[in-house]
Engineer: 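The structure follows.
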Amino acid sequence: MKKHLYKITFLFLVSLAAGSCSDFLEVVPQDQILESQTYSSEAGVQNVHNGLYLQLSSRSLYGQQLTMDAVEILAQQYNISGTHYQASMATYAYAEKTPKATLSGIWEKAYTTILSSNKFLESIDEHAGVISVEKANLLKGEAIAIRAMLHFDMLRLFGPIYKVAPGDPSVPYYDKPVTTSNPILPAKEVVAKVLADLDLSLSLLTKDPILTVGKYAASSAFDGNPYYAANRGQRMNYLAVKCLKARVLLYSGDKVGASTVANEVIAFTKSNQFFPWTPFLEATNAANPDRTFSSENFFSLSDYTLYTKQKDLFDSSLDDFTIYAPLLSRLTAVFESNDNDYRSLPSWKIPIVGGKTQKTFFKYEDVTDKTKLFRLQIPMLKLSEMYLIAAETAPVPADGIAFLNTLRFNRGLTNLAATAVVATEVTKEYKKEFMGEGQLFFYYKRINSATIPLGSAASGNVTMGPLQYVLPLPDSEINFQ
Amino acid sequence: MKFKLTDALFYFRKGLIINIMRTFIFLFCTAIFGFSPANLFSQNVKVVINADKTVTVDEVFDIIKQQTNYTFIYQEDLFKKLPKVHLKKGKIRVNELLQASFPSKDFNFSFTNGNTILVKEIPAEKVVVFQSKSIEIKGIVTNAKKEPLPGVNVKVKGTNAVAQTDFDGKYTIIAPNDGILLFTFIGYKAEIIAVNNRPNINIVLAEETKQLEGVVVNTGVTVRKKELITGAVTIFRGEELRQVSTQNAVQALKSLDPSFIVLDNNLVGSNPNVLPTIEVRGQTSLTSNQVDSQFRDDPNQPLFILDGFPTTLQQVVDLDINRIASITLLKDAASTALYGSRSANGVVVIETNKPIPGKLQFSYVYNSSYEVADLSVYHLMNAEQKLEFERLSGAFYAGDGATPATQYKWDQVYNNRLADVRRGVNTYWLNEPIQMGITSGHSLSFGGGSEEFRFNLAGNYKTKSGTMKGSEHNTWGYNGSLTYKKNKLSFNNNFFVSGADNNESQYGSFETWAKASPYYPKYNENGVITRYMDGTSLPIPEKQPIIVNHAINPLYNVFLPSYDKSNDFNFTNNFAINYDVNSHIRTTGAISVSQLNTYATTFVSPDDTQFINNIATEKGTYNRNEISRKKWEANLGGTYSNVFNNVHSLNYTIRASGREAKNTAYGTDLIGFPSGVQGIPEFAFGYKPNGKPSSLSELVRSVDLTNQVNYAYDKRFLFDFTQTMSGATNFGTNKKYSPYWGIGFGWNLNNEFKMNEDIVNILKVRANIGQTGNQNLVGYASYDVYAYDPNTNIFGAGLGISQIANPNLEPQRTKDLSLGLDLAMFRNRLTATFGAYRRQTSPQIVAIDLAASTGVTAYPLNVGYLTTRGLEIKINYNFIYDLRNNFIWGVGLMSASGDNKLGGFNNALSSLNDAAQKTTSLTRYYDGASSNDLWAVPSLGIDPATGREVFLKKNGQTTFTLDKKDEVVMGNSRETATGVVSTNLAYKGFSFGLFVRYSFGAERFNSALYNKVENIAKSNIFDNQDERAFTDRWTTPGQLAEFKAIGLTNATPISSRFIQKDDYVSGESIRLGYRFTDRAWLKRAGLTAFGFNALANEFFRVSSLKAERGIDYPFSRIYSISLNVSF
C-alpha cells in the first residue's frame, strides 16, 4: 500500500504540473498595461482614445512644431538671425542637424499617432460590446479624421508642391496597423485617401452633439457621459471634419468643392448661436483677453502644457538667440500699421521685462481668471478660415470681398475697397489670422508663392521653390523605403 | 532455414520451464541436504541400565562406551562439579541419557562421524559479546604495483568509524577484532576484509579496468559515468580550480578549459565590482541589438547551475572557491539539451561540498591577495613634452587677426607654464588614485554525522579592495546542508545566505587621471588642493578672450563625501527528496526558493566641481535604486537504469520542471543638498524637477519537460537521446512552447578492439547533433502594450501604445553539431581531448527599426542567422608519473579557435550599421561577414608632403577624403588561436603550477592611437596625451610619419591605420605550494593536515599592441597566498 501511495502521489504531482502549464505561462506584465486589460472597460477605451489627442498635442505635433515652431519658422514669421539656434531651419537647410532632428521628430510622431489611431480602430472592433455601437461610431469617426488630418499635414510638409506636381511621390498612407512599410504614394492618391477617410468620418459623426449643443455644453445623448457629450470643441468633431475637408479640397485645387463645404459650415454657424464671432470686449479684455477668438474655433486642442511652451518659446526673458519674435517693422507691415486690429494688440506687446525693444508674442499667455473656458487651447480649425476659403473660392470677386469684409469687421477693421484684389487680401489675412497656428507656410506652398518676406531682415524676400517647399523625408524613412 | 512454430512456443514457454526446473532443483537439494544423516540412528541406540543407581557423569560415559561403539571427546575434570546422576533400571536412548546427565543449557553435545560424541561447555552468552574487543588496526594500502595509495577511505562496516590513508598509503583505525573493514577508492575495486583479530592488515587494491571509468558526470539533472556519454563535457575537481586561482571559479576555469572564454573588458579593467563577460564556444546572438531589460543576462552567457538550480553570474563570482566540490562544463547539444530553452550557450554545473559521514571534521582556509595596478601600458607625455606638444598644436596662438595685446596674454600663459616646467614641475598623476589592492578571505567549514544523518556548515568572509583607492568588494556567505537517509528515502536541505558590499572608488574614472597635465602641481604653494589645476578656485567668467586650460583638479572632488555604493543580500534554500522505488528506479523531487535584494546609492556632493554653475538648490544629487529578484524552481523526475545480459546498459530519465522569477526595481533621484553635508537623503532640498521615480517589475515563467535515453552496448557503442519541451512567457503568445533535442553517438574504440591497456586506456570518438535555445532575450514581445501619457488634457489621462506585439516571434534556436575525440594512453600519462563544432543560431531575434512611417521602432523580428565554428584541443602529458614517491610532472597545452558568420539578414540590419558608423564602433552586420570583423576604410598612411592621410577607395583610386562607402574588412577581433600552456609539478608535499596564455591572430582597434595620438580636438589639447602624439606625428614636409600633422585638431575618421595586430603572451597563473601531513608536530597541534600556496595571476604580459588597457580602471597583477588547515 505504501508503495502505491508514492506512485499515486507522483502521478498526481506530474499531472498537476502538466495540467497547470497552460495557465502558468499566461503572464501579465505588471508594470505595463496590456491591450486586453485596456479594452475590458469603457474607461479603458476612453483612455486609449484620449491618448490620440494627447499625442496630437505633443511637442512634435500640434503642441508645438506644427503650430508655433517649425512651420512658422519656415513661413518666416519670426526674426531668426544667423546666430539664432534655428538659423538652419529658417534658411531651409534641411540637411543640417537641427532641422533634420526636428523634421524626423515630426514625421515619427505623426506616424506613431497614425499607428495609434489605426490600432484603436482595429482594437475597438475586436473588443466590440465594451461600449455601445453609437459611442463606438463617434470615437471611430474622430480617430479616422485624426488619421486623415495627420496624413494630410505630412503631405503638406513633405509632399510636392501640389499645384505644380500632384502626381509626384509624397508620403505613405496607412489605414491599418501593420509592421511592413506601405509604399510612398503620389500626392493626389494621398489626397483621395484623405478625402475618403474624411467622408467616412463624417458618416460616423452624424450624431455629434456639437451640432445640437455647441462646443462646451453637455448634451443628454450618449447617456450624458461627458466624454462623448461635452467639450466637443476640443475633439475632432463633425464641424471640424467639415472644415478640414474644405481645407483639403482647396489644397487639391477643387475650388468648387471647397466653396460648397465652407459655405455649408458658414451657413450652419448662421443658423444658430453656437459659434458667434468673438466680441471685441472679450478679445481685448485687459485681464482675461480671449486672444484665440475661442468662440469661433470648431476644433482646438486641449493642451495643459501650453503656458510652459509660451514661456519656452516666446517669453521676453529669452535671449535673442532663442526667442521666437518678429522684427517690429515686419510685424507692423503685417498689420498694415493698424493697431486697431484685435489680433494685434492683446497678442503682440512690447514686454515690460526682458529688455526687448520689439513686440513679443502673447497669444498663448495665460489669463488672470483661471476659470475661463478658453484657457489652454490651441486653435486647429476655425470659422475665419472658412470665410477665407469662401472668399478665395467665390466665383464672383464681389462675393469674395463680402466674405473678407465680414471677417475684417469682426477683427476691428474697415471694409475693403470694392476694387481690392481678393487673392492679395486673402494672403494678408492669412498672415494676420494664423500667427502661431502653423497655416501660413502651407498657404504659401499651396499658392506656390515664388517669394515670401524674409523674417530676419526689415526688408527683402526669400525666393521659394521646391527646395524650400518640399521637405526631404527623414532618414528613418528613406533608409527603409 | 525454416522457422517452426514450436520453436516460438518453446521460447514463450521458456520462462515457465525454467520455473519448473528451478522448483525441481530446489526440491532435489532439499532432499539431499535436508534429510538428516545416518548418525541419527546411532543416537537412538539404547543402553541398558541394569539397576537403579547413582553415578557420576564420568561413569555415565563409561556405561555408554561399554554398551555402544561411541567414544567421547571432552576435557577432563569438565564434569567434576556436576551433581551425580540417578539412573533407573531399564532401557534408555543414548541422547536421552546424555541430556539427563547434565543440564543442557550449560553443555551441548554432538555426534560426529566416527562415532564420537563431542561434549562442549556452552559459554555464557554475555561472555560471547564481551569476548570481541576493539583493537587498533594499522596497515598500508597499495595498488598491484606495490605503490602506496593515498586518500583511500577505510570504514568499519556497520559503524561510523572512518579513516583515510596518508601519502604513504598508511592508515590507522579502531575496529572490533571480529569486525569487517571496507576499503574504497575512486578508480579501484572496493575491498571487504574481515579483521579476524589481526592488528596489521595490508591490502592490495585492484584497479578497475580503466581508471576514468569511475569518473562521473553530474549534469545537474543526472549523474552518469563519463565513459558512457557522448557530449563534450569536462569536469574539474574543486582542488584543480583552487590550484589555479584563489579568487573565484571563473578565473580558474578560463585557465583550465579552452572553450571557456572570459572576454577582456578594456574599459573596466580589473574593477572588482564589474562582472566578467563569459562565453562558452563563442557567441550565439548578436549583442548590440538585443531586446533586453535590466534583468536579462548577456544573451551569450552560459547557464550557471549551482547544486541543481540556476544561479546568477554574480553568485558564481562571489561563491567561495573553497566550497566548490566540482565544476562540470557542458558544451554541446547532447549534454545541454536537457536544459531546453536555456541551453544554447553551454551550461556550467557547479556542485558544492556535500556532507560526508564520520566524526566532526574542521577545515579552515585563509587567502590573502595583493593586487598591483599595471601602469606600464600608459605611455603619457612628461611635462616638457606636453607643453611643447601644446605649443606645436597651436594652443597658444590667439588666431589670425587677434590683437597683439591678446597674443601677448596668450604668450604669458605659455611662458608661465614653461617657467614651471623649467622649475622641475613634472607631476605623475597616475599613481594618485592607485593603491595596493588587498584581499583577505577566511573560510571555515565543519561537518560530519552518521550514515543516516549528516550535516555540513560553512562560512566565509572576504574583504577585497581594488587597485583604485576606495574601490571595494566585500563578500560573506553562510551555508548549511543537512542530509537524512533512511532506507530508500533520503532528504537533503541546503540553505545559503550571502551578501556583498560594494564601493566604487571616489577617484572616479582612471581616465581623469590620465588626462591631467603633468606641468600642473597637485597642490598649490600652500599645500592646498585648489578647485582648478592652475591653482585657482573660482570659475572664469564666460567670453574670456584667453582660452587657457582651466581644468578641474581631479584631487578636489576626491576628498568630498561623495560615494557610489551598493549592497546585495541573497537567500537561497534548496530542498530535495529522493526515493528509490527499487534498485532500478529512483524518483526525485526538489524545490528551490531564493531572493536577492540589491540596494545601490550614489551621492555626488554639492561641492563637486560639476555643479559649479548650478544654482544653490540644484547642487548635489542623490540616487537610490532598489532591486529585488525573487524566484522559485521546482522539479520532479524519475530515472530507470538497468543492465541486460551484462552488455546492454540502459538509462531513462524523465523530468518536469517549472520556474518563476519575479523582478522589481524602484529608483528615485533627489537633487540639491546644502554644501558640506554627508549624503543623507534627509538633507535634500527635493526631488529632481519633473523627475519620475523609475520603476520596473516583471514576471517570467518557464517550464520544461525532459526525456533522456542513454544506451550503451558493451561499453563500446554509445547512444544518447535527449528531448526537452520548453515553454516560456518570453516568447510570442502563439509560440509558447518549443522543442529542443540532442542525439549523440559514441564509440569506445579501445573496448571495441580490446587494445592493450598499457598503451591505450581510452580512445573514444563521439558525435552529436541537436537543437538548443536561448531564453535571455525578449520580454513581453508578444503583447500590445500601452503606457500612460505623461500629460493630461481636459478629458483626463490618456494611454498611448508603447509596443506593438509580434505574436509570431519564435525563440532563437541553435543547431549544434559537435564532434570529439577522447584519448588516454600509457596508463593515463597522456590524455587528450579534441573537439570541433558548428553552431547555427537561426532565426536571430533582432530589434529592428522599421520605416518610421509604420510608427514602430525596435520591433523584435526573427531574421537572419549566425553560424559559429570552432576547434578546441586539450593535451596533457605526464613526463614523470611516480605515485610511489609521489612525484608527478606534466605539461599541458590547450588551444581554441573559432569565428562566426552572419547570413540571411539582407538589409535588415542597415539601421544598426548606420548607428555603428556614427559611433567609433567598427562592427558591421553584413551577410557573409563575421560579427567580429573590423570594418574600416583602408588607409595608405600619411602623405609625407602634406601630413594628411591618404585613403584607398574601392575602385583603386586614392583620396584625401574618406567615404564610408569604401569600408572593407580590415581585421577580425577574434584570435586565430588562443589558449594556455601549462606545467604542473608535484613532489612529495611540494607542488608547482604555471599557466601561460597565448593569443595570436586577433586585431584590435587601438583606441589610444585614435583618441590620444590623433583626434585631439582643440578643447582636448590641454589634456595629457599618449607620448606618440608628440613624437610620432608629422611635423615637416617630407617626413615619413605614422600619424598626421601635429597641428591638425580636426576629427580624424576611423581608418585601417588604427587597427593593429594584438598578439600576446600573458602569465595567467603561477603557483607554489606545500602540504604537510602525518607529521609529529601536526599531531601535537591536533591537526591532520596543513598546507600553503603562493599564487600569482596575470603576472606578466607581452603584447604586440601598444595600447592603453583599462581606460576607466587599470588592470592588475594579483599575488596571493593561502593557508589550509584541517583538524
Side-chain angles (χ1 to χ4, degrees), chain A residues 3 6 10 13-14 17-18 21 24-35 38 44 46-55 57-58 104 107-108 111-116 119 123 171-172 174 177-182 227 231 234 301-305 376 474-477 479-481, chain B residues 579 581 587 589 634 636 638 656-658 660 662 664 695-703 705 727-729 733 736-737 779-780 783-806 849-857 859 861 907 910-911 914:
Chain A
K3 204 167 171 180
Y6 283 119
F10 178 76
L13 287 173
V14 168
C21 278
F24 185 66
L25 296 183
E26 287 294 338
V27 165
V28 175
Q30 307 191 316
D31 56 349
Q32 286 164 318
I33 303 152
L34 300 189
E35 178 161 310
T38 312
Q46 291 166 12
N47 275 343
V48 179
H49 182 256
N50 193 35
L52 300 176
Y53 287 93
L54 290 170
Q55 290 183 67
S57 65
S58 68
S104 66
W107 178 270
E108 283 154 20
Y111 278 99
T112 310
T113 312
I114 289 168
L115 170 74
S116 299
K119 186 77 196 159
S123 302
V171 295
Y174 290 82
V178 287
T179 51
T180 46
S181 50
N182 281 359
Y227 190 79
N231 291 311
Q234 289 164 75
L301 268 181
S302 167
D303 182 4
Y304 279 12
T305 60
L376 298 161
D475 292 345
S476 54
E477 184 64 31
N479 282 348
F480 299 93
Q481 284 288 348
Chain B
Y579 176 67
V581 178
T587 55
L636 199 59
S657 63
E660 175 184 289
K662 193 175 177 182
T664 52
S695 168
L696 269 168
S697 70
E698 65 171 15
L699 183 68
V700 182
R701 286 178 178 159
S702 65
V703 289
L705 181 67
T729 50
T733 34
K736 261 189 239 167
Y737 294 94
Y780 297 103
Y783 298 93
D784 288 323
V785 177
Y786 290 78
Y788 275 101
D789 198 287
N791 287 333
T792 51
N793 62 14
I794 193 160
F795 302 102
L799 285 165
I801 189 149
S802 67
Q803 177 188 293
I804 289 283
N806 183 352
D849 283 347
L850 305 176
S853 61
T854 58
V856 183
T857 49
Y859 187 65
L861 266 186
N907 224 2
S910 62
S911 61
D914 288 343

Engineer: Return the option, out of A:K119, A:E108, A:H49, with the maximum number of heavy-atom pairs under 4.5 Å with chain B.
Structural biologist: A:K119
Engineer: Chain B heavy atoms under 4.5 Å from A:T179: which part of the residue, side chain, backbone, both or neither?
Structural biologist: both
Engineer: Roughly how far, to the nearest 0.5 Å, is CD of A:Q234 from CG of B:N793?
Structural biologist: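 Spacing of CG (B:N793) from CD (A:Q234) equals 8.0 Å.
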Engineer: Heavy-atom distance under 4.5 Å to chain B: side chain of A:T180, backbone, both or neither?
Structural biologist: backbone
Engineer: If every non-hydrogen atom of A:S302 is compared with every non-hydrogen atom of B:I794, which pair is closest and at what distance?
Structural biologist: OG-N, 3.0 Å
Engineer: Pick from A:V178, A:L54, A:V48, A:N231: which one has the most heavy-atom pairs with chain B under 4.5 Å?
Structural biologist: A:L54
Engineer: Taking it one step at a time, do A:L115 and B:T854 satisfy side chain to side chain contact (heavy atoms under 4.5 Å, CB included)?
Structural biologist: CA-CA 7 Å; A:L115 170 74; B:T854 58; over 6 Å; no
Engineer: Check whether any side-chain N or O of B:S853 sits under 3.5 Å from a backbone N or O of A:P172 as a donor-acceptor pair, and report yes or no.
Structural biologist: no
Engineer: For each of B:G796, B:G800, B:A787, B:G658, tally heavy-atom pairs with chain A at distances under 4.5 Å, and name the one with the top tally.
Structural biologist: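 So the answer, after comparing B:G796, B:G800, B:A787, B:G658, is B:G796.
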Engineer: Would the distance check show the side chain of B:N791 and the main-chain N or O of A:S58 forming a donor-acceptor pair, the cut-off being under 3.5 Å?
Structural biologist: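 Judged by distance alone, no pair lies under 3.5 Å.
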Engineer: Counting distance only, does the side-chain N/O of B:D789 pair as donor-acceptor with the main-chain N or O of A:G51 below 3.5 Å?
Structural biologist: no
Engineer: Please report the interatomic distance CG(B:L799) to CD(A:E35), rounded to the nearest 0.5 Å.
Structural biologist: 11.0 Å
Engineer: Using a cut-off of under 4.5 Å for heavy-atom pairs, which of B:L705, B:T792, B:I804, B:I801 has the most such pairs with chain A?
Structural biologist: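 Of the options given, most contacts go to B:T792.
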Engineer: Considering non-hydrogen atoms only, spot the tightest contact between A:L34 and B:Y786 and give its length.
Structural biologist: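 Looking at all heavy atoms of both residues, the shortest contact is C-CD1, 4.3 Å.
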Engineer: Taking A:E477 for the side chain and B:A852 for the main chain, is one N or O donor matched with an acceptor at less than 3.5 Å?
Structural biologist: yes
Engineer: Indicate the ring-plane relationship of A:Y53 and B:F795, choosing parallel, tilted or perpendicular according to the 30° and 60° boundaries.
Structural biologist: tilted
